[in-house]
Amino acid sequence: MTKILFWDFEGALARREPDWRLAEGAAEALEALAAKGWSHVAVAAGTKELAAVAERLGLAGRFAKLYDAATPGLGEGASLLVWAIEASRPFDEAFVIGDSVQRAVLPAREAVLPSILVRDASPLAQFCVEELSEIALALETWTSMRRSFFVSP
């Protein structure tokens, strides 16, 4: 079973201003979710050097794939996140995780995937969490809800 988490790297996992900094709990969240069978794909539309940034932040090797503004084949005006999702199909289960409705939740909806909004709230996201450590509980809740809908009495 292929389970992928698409991360809006620039919002959920790291901040660029004034220098690249890892978000609190990012490394631990990636590790805990990987232990539960999730693979990670990072998307950073605002940078052309995501691999180097991930390396400097100690996240190298935690991602199955990295997509950034230098990704070849990205058409003009295309959403990098939607493009990365489509390039990763087929998968059994996937979520988009980010801190922006514009950069994460709306592209997730366009790709027909559920989303988890971090450090913000919106009725457009399936889940909203304050901390990265709460993502595992959101994913467990989603799985439990899906099971209850598809199990016959």
Side-chain angles (χ1 to χ4, degrees), residues 1-17 20-47 50-51 53-69 71 74 78-151:
M1 177 179 223
T2 308
K3 300 181 344 180
I4 302 174
L5 298 176
F6 292 92
W7 293 87
D8 175 18
F9 187 89
E10 296 165 315
L13 296 175
R15 298 274 188 251
R16 190 189 327 217
E17 304 295 329
W20 281 103
R21 303 229 188 272
L22 198 57
E24 184 177 331
E28 296 83 0
L30 290 168
E31 187 174 319
L33 293 164
K36 293 181 182 279
W38 291 94
S39 49
H40 305 291
V41 172
V43 179
T47 187
L50 183 55
V53 170
E55 177 76 34
R56 280 195 307 272
L57 295 175
L59 299 179
R62 296 191 190 242
F63 298 100
K65 295 197 183 215
L66 299 167
Y67 295 99
D68 61 21
T71 299
L74 183 61
S79 165
L80 180 59
L81 181 53
V82 172
W83 189 91
I85 291 166
E86 295 308 319
S88 300
R89 290 191 192 272
F91 42 76
D92 296 315
E93 192 171 359
F95 266 83
V96 172
I97 302 171
D99 73 341
S100 165
V101 171
Q102 288 296 108
R103 282 191 330 265
V105 176
L106 294 179
R109 292 173 69 90
E110 183 179 336
V112 193
L113 287 184
S115 60
I116 299 173
L117 188 59
V118 181
R119 294 181 291 278
D120 201 356
S122 171
L124 298 174
Q126 279 64 41
F127 292 96
C128 300
V129 299
E130 288 293 321
E131 304 292 330
L132 293 173
S133 61
E134 297 170 336
I135 292 171
L137 179 58
L139 295 170
E140 289 169 18
T141 301
W142 180 261
T143 301
S144 176
M145 287 172 34
R146 286 185 57 215
R147 247 184 268 145
S148 68
F149 283 120
F150 296 114
V151 173

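For this chain, numbers begin at 1 and follow the sequence in order.
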K.L.:
Relative to the ring of W20, is the ring of F9 parallel (under 30°), tilted (30 to 60°) or perpendicular (over 60°)?
P.N.:
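Answer is tilted, since the angle falls between 30° and 60°.
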
K.L.:
First locate atom CZ of R16, then atom OG1 of T47, and finally report the distance between them rounded to the nearest 0.5 Å.
P.N.:
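Result: 5.5 Å between the selected atoms.
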
K.L.:
Looking at side-chain heavy atoms only, is the closest gap between T141 and Q126 below 4.5 Å?
P.N.:
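In short, these two side chains do not touch, never coming nearer than 4.5 Å.
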
K.L.:
Is the shortest heavy-atom distance from the side chain of L132 to the side chain of W7 under 4.5 Å?
P.N.:
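In contact.
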
K.L.:
What are the two closest non-hydrogen atoms of S79 and P107, and how far apart are they?
P.N.:
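For S79 versus P107, the nearest heavy atoms are OG-CB, 4.0 Å.
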
K.L.:
Should W38 and I135 be marked as a side-chain contact (heavy atoms from CB on, under 4.5 Å) after you check the CA-CA gap, both sets of side-chain angles, and the distance that decides it?
P.N.:
CA-CA 12 Å; W38 291 94; I135 292 171; over 6 Å; no

K.L.:
Determine whether a donor-acceptor pair (N or O, by modelled atom type, separation under 3.5 Å) exists between the side chain of R62 and the backbone of A27.
P.N.:
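Looks like yes, one N/O pair under 3.5 Å.
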
K.L.:
Please check if the side chain of S39 supplies one atom and the backbone of K3 the other of a donor-acceptor pair under 3.5 Å.
P.N.:
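Judged by distance alone, yes, a pair lies under 3.5 Å.
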
K.L.:
Salt-bridge test for E140 and K36: reply yes if a basic N is under 4.0 Å from a carboxylate O, no otherwise.
P.N.:
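So E140 pairs with K36 through a salt bridge.
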
K.L.:
What are the two closest non-hydrogen atoms of G98 and A104, and how far apart are they?
P.N.:
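It is CA-CB, 3.7 Å.
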
K.L.:
Nearest 0.5 Å, what's the CG-CZ distance between L33 and F95?
P.N.:
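Answer rounded to 0.5 Å: 11.0 Å.
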
K.L.:
Looking at every heavy atom in both A12 and A23, which two are closest together, and how far apart are they?
P.N.:
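Closest approach of A12 to A23: O-CB, 3.6 Å.
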
K.L.:
Output the distance between atom CG (L30) and atom CG (L22), rounded to the nearest 0.5 Å.
P.N.:
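That separation rounds to 8.0 Å.
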
K.L.:
Which heavy atom of L117 sits nearest a heavy atom of A125, and at what distance?
P.N.:
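Looking at all heavy atoms of both residues, the closest pair is CB-CB, 3.9 Å.
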
K.L.:
Roughly how far, to the nearest 0.5 Å, is the CD atom of E55 from the CG atom of L50?
P.N.:
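Result: 11.5 Å between the selected atoms.
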
K.L.:
Can you check whether I116 reaches V129 side chain to side chain, under 4.5 Å on heavy atoms?
P.N.:
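A side-chain contact under 4.5 Å exists here.
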
K.L.:
Would you mind reporting whether V105 and V96 have side-chain heavy atoms less than 4.5 Å apart?
P.N.:
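No; the side chains remain at least 4.5 Å from each other.
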
K.L.:
Taking all non-hydrogen atoms of both residues, which atom of P114 and which atom of A108 are closest, and how far apart?
P.N.:
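Looks like O-CB, 4.3 Å.
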
K.L.:
If we ignore hydrogens and angles and just use 3.5 Å, is the side chain of D8 paired with the main-chain N or O of R103 as donor and acceptor?
P.N.:
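Such a contact is absent between D8 side chain and R103 backbone.
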
K.L.:
Evaluate side-chain contact (heavy atoms from CB on, under 4.5 Å) for L139 paired with F127, printing each intermediate quantity in order.
P.N.:
CA-CA 9 Å; L139 295 170; F127 292 96; over 6 Å; no

K.L.:
Mind listing the closest non-hydrogen atom pair of L80 and A45 along with its distance?
P.N.:
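Reported closest heavy-atom pair: CD2-CA, 3.6 Å.
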
K.L.:
Verify the neighbour count for atom NZ of K65: are there more than 12 heavy atoms of other residues, nucleotides or ligands below 6.0 Å?
P.N.:
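Check fails, neighbour count at 12 or below.
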
K.L.:
Report yes if some heavy atom in the side chain of S88 is under 4.5 Å from a heavy atom in the side chain of F6; otherwise report no.
P.N.:
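Yes, side chains in contact.
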
K.L.:
May I ask you to decide if V82's main-chain N or O and E110's side chain share a donor-acceptor pair within less than 3.5 Å?
P.N.:
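Not a single qualifying donor-acceptor pair exists.
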
K.L.:
Look up atom CG in L113 and atom CD in E93, then write down how far apart they are to the nearest 0.5 Å.
P.N.:
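Result: 10.5 Å between the selected atoms.
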
K.L.:
When you compare the side chain of F91 with that of I85, does any pair of heavy atoms fall below 4.5 Å?
P.N.:
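Yes. Closest side-chain heavy atoms under 4.5 Å.
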
K.L.:
First locate atom NE2 of H40, then atom CD of E31, and finally report the distance between them rounded to the nearest 0.5 Å.
P.N.:
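Between H40 NE2 and E31 CD, I get 9.5 Å after rounding to 0.5 Å.
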
